[in-house]
Amino acid sequence: MQAQYDLRYTRQLMEKIIDETKQGETLVLDNKEGNQRKLFIESYGCAMNFSDSEIVASILSNQGYNTTKVLEEADLVLVNTCSIRDKAEQTVRKRLQEYNAVKRINPKMKVGVLGCMAERLKTKFLEEEKIVDLVVGPDAYKDLPNLLAEVDEGRDAINVILSKEETYGDISPVRLNSNGVTAFVSITRGCDNMCTFCVVPFTRGRERSRDPQSIVEEVNDLWSKGFKEITLLGQNVDSYLWYGGGLKKDFDKASDLQKATAVNFANLLELCAKAQPKMRIRFSTSNPQDFTIDVIETMAKYNNICKHIHLPVQSGSDRILKEMNRLHTREEYFSIIDNIRRLIPECSISQDLIAGFPTETEQDHQDTLSLMEYVKYNFGYMFTYSERPGTLAGRKMEDDVPEETKKRRLNDIVQLQRKHSEIRTRQHLNKTVEILIEKESKKSDLEWSGRTSDNTVAVFPKEHYKVGDFVNVHITDCTSATLIGKAVGYSENN
Ligand code: SAH
Ligand code: F3S
């Protein structure tokens with residue numbers, strides 16, 4: 001659980017990166033004047049897909065495309081897809097049928113599939129779904145102009161080549177559906193972990209880290225445009241490692257200088273926190289096996305790093321963790337939790353859990369529930385196991401837990417989480433917390449909605465405050481997941 005490499009990281013390098021990135025601003029217009037064609041782009045699945053769609057929109061904005069929210073008027077429809085569970089794929093298949101209905105009225109409309117399903121199914125997509133003109137994997141978006149030229153000439157086009165270098169670090173994303181306050185910044189791509197249930201290493205390829213300088217530049221640029229919160233994104237952010245480019249697995253072969261000036265995730269967090277001391281910084285996803293104590297220490301050191309850690313555990317049973325190839329034990333997970341609680345008592349912790357992994361017994365399931373009791377997560381994302389073709393579990397293990405058992409176990413997990421979420425939410429009662437206002441409350445146009453540093457949603461009367469303000473809110477009441485309060489003034493961050 002300790003830092004995997006002895007990084008003799010130099011403070012001067014950090015100062016240099018911050019200095020070099022202070023100047024310069026790239027102007028990205030949501031809709032570029034003169035663009036004639038209309039792009040309808042839709043994303044399913046994880047935050048990384050949403051972030052990738054912003055990169056795609058940026059590439060296509062230089063190809064004459066402006067985005068539209070009206071499917072019927074689109075010249076090009078792109079769907080960024082998710083393969084993580086079978087259900088996610090079925091949702092996309094259904095959506096393709098809906099595009100097909102529109103295409104019948106507007107035969108000139110072209111349809112492209114991006115993301116993980118494109119990568120997993122490759123040419124099969126063109127065979128199976130006649131409506132699809134274009135198939136592009138997550139590392140091939142820069143090839144879109146060429147692929148679209150082929151499509152324009154009436155041919156199907158496909159590029160699903162995975163890359164060892166591509167990070168899109170040089171592309172300034174167009175912010176789609178933005179509230180102007182919060183944004184995603186991607187820092188790593190791919191994953192090398194090979195959890196046996198997971199399709200991501202196959203669809204998103206080898207893990208690579210993005211140049212910290214380009215990350216800080218993006219953060220600075222976002223701040224200058226009025227954004228107040230960023231989420232650093234990666235499948236496994238804690239394994240971020242920059243030593244001048246190259247795959248993480250080749251770090252051992254790097255030169256002494258490269259090793260001495262390498263930037264790990266804790267360093268990157270610090271770089272971002274210092275570059276914009278008022279910008280709220282979040283990150284996701286952490287993987288327990290790569291999580292190091294210096295990340296917790298860095299979080300504790302900087303007020304603007306939000307006090308929330310998404311730390312998927314998947315199962316509370318040592319035997320199942322091993323079958324899943326999650327490279328930590330239950331005890332090691334507890335020691336991370338203890339360290340977080342010791343160094344940042346107010347930190348919230350959330351989970352991902354899978355019910356019904358092959359061979360899971362009632363005892364394994366009880367272990368998951370008892371792990372949850374130990375941590376008392378603030379919230380979580382909970383799933384039944386879905387066998388994915390090509391993964392190790394898919395190839396080697398029988399999906400032997402009956403569907404009803406999976407569902408019952410999932411229900412136990414969800415009920416327990418609900419109880420814990422309520423306990424955690426109530427802990428905010430009668431306290432004054434800093435909220436960043438993000439949008440109007442869904443329930444009332446007289447109220448704002450925003451989040452605390454620990455990622456709990458709060459609503460309160462609008463008064464004279466506006467979106468993007470940092471406000472101190474006194475919490476007087478709550479539902480199971482939402483805080484209700486009244487603003488008592490701007491926070492010192494404002
Ligand atoms: N990189 C993250 C997770 C990415 S996938 C990590 O470190 O854990 C998001 C979540 O989907 C996973 O945490 C897992 O809980 C769930 N998931 C992945 N594959 C799954 C499968 N085959 N069946 C059910 N849930 C799955
Ligand atoms: Fe998937 Fe495990 Fe990576 S869940 S994304 S293989 S950390």
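Numbering of ligands and ligand atoms starts at 1, following listing order.
- Ordered by chain and number, Cys191 SG make up the set of protein N, O or S atoms under 2.8 Å of atom 3 (Fe) of ligand 2.
- Judged by distance alone, with hydrogens and angles left aside, the side-chain atoms of Arg282 form a donor-acceptor pair with the main-chain N or O of Ser453 at under 3.5 Å.
- For ligand 1, the 4.0 Å heavy-atom shell contains residues Ile84, Arg85, Phe197, Gln235, Thr285, Asn287, Pro312, Gln314, Arg326, Asp352, Ile354, Phe383, Thr384, Tyr385, Ser386, Arg388.
- A donor-acceptor contact closer than 3.5 angstrom is absent between the side chains of Asn455 and Thr452.
- Distance alone, capped at 3.5 Å, is enough to place a donor-acceptor pair between the Ser421 side chain and the Asn378 backbone.
- Panel note: side chain Asn267, backbone Asn264; a donor-acceptor pair is recorded below 3.5 Å.
- A donor-acceptor pair under 3.5 Å is formed between the side chain of Arg319 and the backbone N or O of Thr359.
- Between Glu42 and Arg95 there is a salt bridge, since at least one side-chain N of the basic residue sits less than 4.0 Å from a carboxylate O of the acidic one.
- In summary, the side chains of Asn193 and Gln289 do present a donor paired with an acceptor at a separation below 3.5 Å, with no hydrogens or angles considered.
- Counting the atoms of ligand 2 from 1 in the order shown, those under 4.0 Å from a heavy atom of Phe197 are 4 (S).
- Under a 4.0 Å N-O distance rule, the pair Arg189/Glu166 does not qualify as a salt bridge.
- With respect to the salt-bridge test (charged N to carboxylate O, under 4.0 angstrom), the residues Glu403 and Lys406 qualify.
- Checked against a 6.0 Å centroid threshold, the rings of Phe265 and Phe291 do not count as neighbours.
- The shortest heavy-atom distance from Arg326 to ligand 2 is under 4.0 Å.
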